[in-house]
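A quick note: this is a predicted structure, and the numbers were derived from the prediction, not measured. In what follows, residues are counted from 1 in the order of the sequence shown.
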Amino acid sequence: YNLPGLYYDTTVAGQHAVVLGPDKFCEDWVRFDMSDDQLSWLDNILKNDADAGVHTYVFCHEPINNTVYGSEDGSWGSRNSFYDYRKIDDVVSRYPQAIFLSGHTHVYPGIKADDANRPIYVNDGSCARSYKPQTNERGSWGMQMTVFNDHLEFRIRDFEGHQWLDEPLIALFDR
């Protein structure tokens with residue numbers, strides 16, 4: 001598949017999707033940053049979508065620190081991620097219509113959607129092995145997202161047990 005670049009936007013099933021990619025590397029091989037060009041491009045897209053009343057689904061492998069389980073200070077998702085997460089957080093956090101979907105943390109899937117003035121943050125959990133922070137249980141889980149007019153619904157899949165788990169997680173657009 002010929003991707004247009006390290007970062008791009010597209011429309012999928014009528015929804016605006018933005019894919020971010022590392023384009024600025026640091027001396028520490030496990031960390032990266034995003035260039036000012038990419039951040040400016042993202043800010044422009046998010047502003048235009050906010051003005052149009054459109055939700056923006058932002059996909060990035062790494063989470064923004066302190067947004068979802070596994071991205072807390074000192075965790076895998078914070079130590080091996082953005083060199084300076086505050087730069088992307090400064091852009092994304094200004095747009096509550098954004099849904100920021102990430103992985104990388106190796107923890108059970110979850111969402112953070114408790115503040116109507118902030119974006120919805122999603123940890124998709126999809127990786128070979130991960131754990132539940134509350135119980136330290138090990139497993140392999142992922143999410144299925146369904147978009148409705150007024151909310152998002154996330155179902156958690158146990159890949160090893162071949163079954164759906166728990167009740168769906170719900171994130172309301174108007175929180």
| Between Met143 and Leu101, does a side chain to side chain contact (heavy atoms under 4.5 Å, CB included) hold up when you go through it step by step? | CA-CA 11 Å; Met143 278 189 171; Leu101 300 108; over 6 Å; no
| Is the count of non-hydrogen atoms from other residues, nucleotides or ligands lying under 6.0 Å from Glu137 atom CD greater than 12? | yes
| field | Closest contact, heavy atoms only, Glu153 versus Phe148 | value | CB-CE1, 3.7 Å
| For Phe82 and Met34, which heavy atoms make the closest approach, and how far apart are they? | CE2-CE, 3.7 Å
| query | What are the two closest heavy atoms between Tyr121 and Val68, and how far apart are they? | reply | CB-CG1, 3.7 Å
| query | Quick one: are Leu46 and Asn44 in side-chain contact, heavy atoms under 4.5 Å? | reply | no
| remark: Hits for side-chain hydrogen bond (donor to acceptor under 3.5 Å, both in side chains) against Lys24, two or more places apart or cross-chain, chain-then-number order -> none
| said: Quick check on the 6.0 Å ring-centre criterion: do Tyr69 and Tyr108 meet it? | reply: no
| request: Check whether any side-chain heavy atom of Phe100 lies under 4.5 Å from a side-chain heavy atom of Leu20, and answer yes or no. | output: yes
| remark: Closest non-hydrogen atoms of Gly21 and Tyr7, given as atom of the first, atom of the second and distance, are N-CB, 4.0 Å
| Do Arg94 side-chain atoms and Asp90 backbone N/O form a donor-acceptor pair below 3.5 Å? | yes
| message | Main chain of Asp89, side chain of Ser93: is a donor-acceptor contact present, judged purely on distance under 3.5 Å? | response | yes
| request: Give, for atom CD of Gln38 and atom CG of Leu6, the distance between the pair rounded to the nearest 0.5 Å. | output: 7.5 Å
| request: Under the side chain to side chain contact (heavy atoms under 4.5 Å, CB included) rule, what do Ile64 and Val92 come out as? Steps first, then yes or no, please. | output: CA-CA 9 Å; Ile64 298 173; Val92 173; 4.1 Å; yes
| request: Verify the ring-centre separation between Phe173 and His55: is it less than 6.0 angstrom? | output: yes
| said: Set out, in order, the CA-CA distance, both residues' side-chain angles and the distance that settles side chain to side chain contact (heavy atoms under 4.5 Å, CB included) for Asn149 and His151, then state yes or no. | reply: CA-CA 6 Å; Asn149 289 335; His151 72 281; over 6 Å; no
| said: Does Asp150, at its CG atom, have more than 12 non-hydrogen atoms belonging to other residues, nucleotides or ligands within less than 6.0 Å? | reply: yes
| Please walk me through it: do Tyr83 and Phe32 pass ring-ring contact (aromatic ring centres under 6.0 Å, His included)? | CA-CA 5 Å; Tyr83 185 74; Phe32 71 93; over 10 Å; no
| Listed partners of Asp115 passing salt bridge (Lys or Arg N to Asp or Glu O under 4.0 Å), at least two apart | none
| request: To the nearest 0.5 angstrom, please state how far the CD1 atom of Ile120 sits from the CG atom of Asp114. | output: 10.5 Å
| field | Spatial distance of atom NE2 (His106) from atom CZ (Arg129) [nearest 0.5 Å] | value | 12.0 Å
| said: A side-chain contact here means heavy atoms from C-beta on lying under 4.5 Å apart; do Arg155 and Met145 qualify? | reply: no
| task | Calculate, to the nearest 0.5 Å, the distance between atoms OG1 and CD belonging to Thr105 and Glu72 respectively. | result | 8.5 Å
| Residue pair Pro109 / Phe154, side-chain heavy-atom distance below 4.5 Å | no
| task | Answer whether the closest heavy-atom distance between the side chains of Leu39 and Lys87 falls below 4.5 Å. | result | yes
| request: Under the side chain to side chain contact (heavy atoms under 4.5 Å, CB included) rule, what do Tyr95 and Val58 come out as? Steps first, then yes or no, please. | output: CA-CA 11 Å; Tyr95 301 99; Val58 181; over 6 Å; no
| said: Could you check whether any side-chain N or O of Ser71 sits under 3.5 Å from a backbone N or O of Asn66, counting only pairs where one atom can act as donor and the other as acceptor? | reply: yes
| task | Please examine the side chains of Trp41 and Val18, heavy atoms only from C-beta on, and report whether any two atoms are closer than 4.5 Å. | result | yes
| Less than 4.0 Å between a side-chain N and a carboxylate O, is that true for Asp51 and Lys47? | yes
| Backbone N/O of Gly110 and side chain of Asn123: donor-acceptor pair under 3.5 Å | no
| remark: Heavy-atom closest pair (Pro63 atom, Gly103 atom, distance to 0.1 Å) is CD-O, 3.4 Å
| query | Any side-chain heavy atom of Asp84 sitting closer than 4.5 Å to one from Asp33? | reply | yes
| query | At what distance, to the nearest 0.5 angstrom, does CD1 of Ile99 lie from CG of Leu152? | reply | 5.5 Å
| query | Only one of Thr11, Asp9, Thr56 clears side-chain hydrogen bond (donor to acceptor under 3.5 Å, both in side chains) with His16; which? | reply | Asp9
| query | With under 30° as parallel and over 60° as perpendicular, where do the rings of His104 and His61 fit, or are they tilted in between? | reply | perpendicular
| Would you say the side chain of Glu160 lies within less than 4.5 Å of the side chain of Trp141, judging by non-hydrogen atoms? | no
| Linked, directly or transitively: Leu165 and Leu169 (ILVMFWY side chains, under 4.5 Å) | yes
| At their closest point, which heavy atom of Gly161 faces which heavy atom of Asp158, and how far apart are they? | N-OD1, 2.8 Å
